[in-house]
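Heads up, the thing below is written out as structure tokens.
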Amino acid sequence: MRYWLMKSEPGDVSIDDLAAMPGQTVDWYGIRNYQARNFMRDQMQLGDLAFFYHSNCDEPGIVGIVEVSHLAYPDRLQFIPGHKYFDPKSTPENPRWLNVDVKLVRKTRLLSLKALRTYPELETMRILQRGNRLSITPVDPREWAFITALLDQPAS
DNA sequence: GCCAACGTTGGC
DNA sequence: GCCAACGTTGGC
């Protein structure tokens, strides 16, 4: 059982979009980075928990918790010519890109990136490191515990 | 919209 | 296999 942080642009799939989806589940499509793909392929297990993070928006930060509800399988969008996520080098026999499904566990209050940066306990988090761009990152169990405790408190 | 950081591509 | 050029990410 591992913990993760998964970024989504709310203009694409927001936490409210996820909450409105059938089964409150979504396929984590569009990952086109090998490191992130490998996390999904090699390390994610059913029931793993992840922070759902809004990126590239007015208030970036953690907005919910999701769980891995389906193991990695080929991302269907890579086979659709003309699609933003089409990859001409990928074939159904040897698919290059994968995704898991995630299911909403709960929405949380917004714990903003700015707020996360104020805690010395979190200064080693991947997401807070300079230049970090990876859209899926592992979260240390201690960091997970610390943040979930924060999420259960009102914003200060 | 700027731009730093970083990943990918492709010529050599 | 090096590395310059280019593309993308994502906070600000």
Side-chain angles (χ1 to χ4, degrees), chain A residues 2-21 26-44 48-68 72-102 104-140 142-144 146-148 150-151 153-156:
Chain A
R2 293 177 192 268
Y3 298 105
W4 307 92
L5 183 144
M6 300 171 77
K7 297 180 190 171
S8 183
E9 299 192 8
D12 189 1
V13 180
S14 71
I15 191 74
D16 288 328
D17 292 336
L18 175 58
M21 285 186 183
V26 69
D27 48 321
W28 206 260
Y29 60 80
I31 297 297
R32 296 294 180 269
N33 169 283
Y34 291 105
Q35 221 180 327
R37 179 204 66 182
N38 293 350
F39 282 142
M40 291 196 289
R41 186 190 63 190
D42 303 332
Q43 297 193 31
M44 279 194 183
D48 277 8
L49 294 172
F51 293 125
F52 189 105
Y53 178 95
H54 279 171
S55 72
N56 202 12
C57 58
D58 286 347
E59 288 190 295
I62 292 168
V63 292
I65 294 174
V66 297
E67 69 171 326
V68 175
Y73 59 98
D75 180 336
R76 64 185 185 87
L77 301 180
Q78 70 195 305
F79 304 125
I80 302 174
H83 194 280
K84 176 184 176 188
Y85 290 122
F86 178 62
D87 184 342
K89 293 178 186 164
S90 189
T91 63
E93 295 72 30
N94 191 16
R96 177 177 297 199
W97 305 112
L98 307 171
N99 63 263
V100 295
D101 288 351
V102 302
L104 182 65
V105 173
R106 63 182 174 105
K107 283 180 62 173
T108 64
R109 68 178 179 89
L110 170 70
L111 181 54
S112 69
L113 177 61
K114 198 163 75 174
L116 289 168
R117 289 194 190 285
T118 64
Y119 298 100
E121 293 89 341
L122 301 178
E123 64 188 13
T124 59
M125 269 193 91
R126 249 339 235 294
I127 190 80
L128 302 182
Q129 302 311 303
R130 187 179 168 76
N132 168 69
R133 295 187 309 164
L134 204 53
S135 62
I136 298 176
T137 50
V139 172
D140 183 272
R142 273 179 300 180
E143 294 163 349
W144 181 273
F146 186 82
I147 293 171
T148 49
L150 287 177
L151 289 170
Q153 299 168 3
S156 51

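Basis for what follows: all heavy atoms, side chains included, without hydrogens, waters or symmetry-related copies. Every chain is numbered from 1 and lettered A, B, ... according to where its sequence line falls, protein lines coming before strand lines. All values reported here derive from a predicted model rather than from experimental measurement.
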>> Just to verify, what does A/Thr124 make a side-chain hydrogen bond (donor to acceptor under 3.5 Å, both in side chains) with, not counting sequence neighbours?
In response: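 If we apply the side-chain hydrogen bond (donor to acceptor under 3.5 Å, both in side chains) test to A/Thr124, skipping adjacent residues, the hits are A/Glu143.
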
> Distance only, no hydrogens: is a donor on one side chain within 3.5 Å (strictly under) of an acceptor on the other, for A/Trp28 and A/Asp101?
Replying inline: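 A/Asp101 and A/Trp28 do not have a side-chain donor-acceptor pair below 3.5 Å.
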
>> Strictly by salt bridge (Lys or Arg N to Asp or Glu O under 4.0 Å), give each pair with a member in residues 7-16 of chain A just once, sequence neighbours left out.
In response: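 As it turns out, the salt bridge (Lys or Arg N to Asp or Glu O under 4.0 Å) pairs with a partner in residues 7-16 of chain A, which skip direct neighbours, are A/Asp16-A/Lys107.
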
>> Does anything in residues 116-126 of chain A form a salt bridge (Lys or Arg N to Asp or Glu O under 4.0 Å)? List the pairs, not counting sequence neighbours.
In response: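 For residues 116-126 of chain A, and leaving out neighbouring residues, there are no salt bridge (Lys or Arg N to Asp or Glu O under 4.0 Å) pairs at all.
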
> Quick one: on DNA chain B, does A/Arg96 or A/Gly131 contact a more 5' nucleotide (nearest heavy atom)?
Replying inline: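 Nearest-nucleotide comparison on DNA chain B picks A/Gly131.
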
Less than 3.5 Å apart, which donor and acceptor atoms pair up between the side chains of residues 89-99 of chain A and the rest of the protein, not counting sequence neighbours?
residue	atom	partner	partner atom	Å
A/Ser90	OG	A/Gln78	OE1	2.7
A/Ser90	OG	A/Arg96	N	2.8
A/Thr91	OG1	A/Asn94	N	3.0
A/Arg96	NH1	A/Tyr34	OH	3.2
A/Trp97	NE1	A/Asp87	OD2	2.7
A/Asn99	ND2	A/Tyr73	OH	3.3

> Can you check the A/Asn33 CG to B/dC6 C1' distance for me, whole Å?
Replying inline: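 For the pair A/Asn33 CG and B/dC6 C1', the rounded distance is 10 Å.
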
>> In whole Å, I'd like the distance from the CD1 atom of A/Ile31 to the P atom of B/dT8.
In response: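 Computing the A/Ile31:CD1 to B/dT8:P distance gives 13 Å.
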
Show each protein N/O and nucleotides 2-4 of chain C N/O combination with a separation under 3.5 Å, one pair to a line.
none

> Are any of the side-chain heavy atoms of A/Ile80 and A/Tyr85 separated by less than 4.5 Å?
Replying inline: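 Heavy-atom side-chain distance check fails, nothing below 4.5 Å.
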
> Under a 4.5 Å cut-off applied to non-hydrogen side-chain atoms, are A/Ile62 and A/Leu5 in contact?
Replying inline: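 Side chain of A/Ile62 against side chain of A/Leu5, heavy atoms only: contact under 4.5 Å found.
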
Contacts under 3.5 Å, N or O only, protein and nucleotides 9-12 of chain C:
residue	atom	partner	partner atom	Å
C/dT9	O3'	A/Arg133	O	3.3
C/dG10	OP1	A/Lys7	NZ	2.7
C/dG10	OP1	A/Arg133	O	2.7
C/dG11	OP1	A/Tyr53	OH	3.0
C/dG11	OP2	A/Asn56	N	2.9

> So does A/Arg32 pair up with A/Asp75, basic N to acidic O under 4.0 Å?
Replying inline: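 Result for this pair is yes, salt bridge flagged.
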
